[in-house]
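Scroll down for the structure; my scribbles are underneath it.
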Amino acid sequence: YLVRNKLDKSERRIFVTRLEGFINHFEKEGAVIDMADRSSACISAKALPTNVHEGDFIVEDSEHQRLTVDSTITELHRREIRRMSEYFFD
């Protein structure tokens with residue numbers, strides 16, 4: 001995977017045992033995934049599951065070697081964003 005460091009904008013290729021993170025946005029060739037270590041990975045559109053959206057939590061299923069959406073984490077994240085926006089904007 002191609003990983004970008006948000007702090008210094010550097011790029012490097014890494015091998016990770018398991019890719020997981022939130023889809024930040026889509027680019028021409030795929031999606032940018034924000035990972036827990038504050039880096040981001042560029043994933044090709046071919047590797048993404050169908051019907052993915054910005055904000056979905058993507059997990060690599062190492063057993064089947066494919067990416068899937070974790071709907072539980074995605075929904076929890078969306079609820080937290082809604083709760084925070086209601087708190088700050090109401």
Side-chain angles (χ1 to χ4, degrees):
Y1 298 105
L2 178 63
V3 175
R4 294 182 186 152
N5 184 318
K6 290 182 182 180
L7 299 176
D8 64 6
K9 306 292 188 217
S10 64
E11 293 186 354
R12 68 189 191 288
R13 291 206 181 273
I14 64 164
F15 295 96
V16 292
T17 56
R18 180 177 166 146
L19 173 77
E20 60 182 34
F22 291 98
I23 296 178
N24 182 301
H25 65 276
F26 291 95
E27 295 182 344
K28 291 180 184 179
E29 291 133 16
V32 175
I33 310 296
D34 287 341
M35 298 186 294
D37 66 355
R38 295 186 167 221
S39 62
S40 59
C42 299
I43 305 300
S44 73
K46 295 176 193 175
L48 294 170
T50 57
N51 298 324
V52 292
H53 303 91
E54 290 180 359
D56 285 350
F57 190 79
I58 299 294
V59 178
E60 184 176 28
D61 179 357
S62 56
E63 184 178 325
H64 297 101
Q65 296 183 349
R66 63 186 170 125
L67 296 172
T68 59
V69 175
D70 186 320
S71 57
T72 303
I73 294 176
T74 297
E75 184 56 32
L76 288 172
H77 185 252
R78 288 190 175 134
R79 285 182 189 173
E80 181 64 12
I81 289 172
R82 269 188 242 116
R83 186 191 68 75
M84 287 175 20
S85 65
E86 289 172 1
Y87 177 79
F88 288 110
F89 298 113
D90 281 346

Residue pair Arg83, Glu86: steps toward the salt bridge (charged side-chain N to carboxylate O under 4.0 Å, His left out) verdict
CA-CA 5 Å; Arg83 186 191 68 75; Glu86 289 172 1; over 6 Å; no
Smallest separation among heavy atoms of Met35 and Leu19, with atom names
SD-CD1, 3.3 Å
Mind checking the OG1-CD1 spacing from Thr74 to Ile23? Nearest 0.5 Å is all I need.
8.0 Å
The remaining residues in the hydrophobic cluster of Ile73, counting side-chain heavy-atom contacts under 4.5 Å among Ile, Leu, Val, Met, Phe, Trp and Tyr, are Phe22, Phe57, Val59
With sequence neighbours left out, what residues match Glu54 under side chain to side chain donor-acceptor pair (under 3.5 Å)?
none
Look at atom CD of Glu29 and say whether more than 12 heavy atoms of other residues, nucleotides or ligands are closer to it than 6.0 Å.
no
In one Ile/Leu/Val/Met/Phe/Trp/Tyr side-chain cluster, 4.5 Å: Leu76, Ile58:
no
When rounded to the nearest 0.5 angstrom, what is the spacing between NE2 in His25 and CD1 in Ile33?
10.0 Å
Derivation of the side-chain contact (heavy atoms from CB on, under 4.5 Å) call for Leu48 and Lys46
CA-CA 6 Å; Leu48 294 170; Lys46 295 176 193 175; over 6 Å; no
What are the two closest non-hydrogen atoms of Ala47 and Leu67, and how far apart are they?
O-CD1, 3.6 Å
For Glu75 and Arg82, what are the C-alpha separation, side-chain angles and deciding distance, and is it a salt bridge (charged side-chain N to carboxylate O under 4.0 Å, His left out)?
CA-CA 11 Å; Glu75 184 56 32; Arg82 269 188 242 116; 3.8 Å; yes
Point-to-point distance, once rounded to the nearest 0.5 Å, from CG of Asp56 to CG of Asp70
10.0 Å
Given the rule that I, L, V, M, F, W and Y join up when any side-chain heavy atoms are under 4.5 Å apart, are Ile81 and Val69 in one cluster?
no
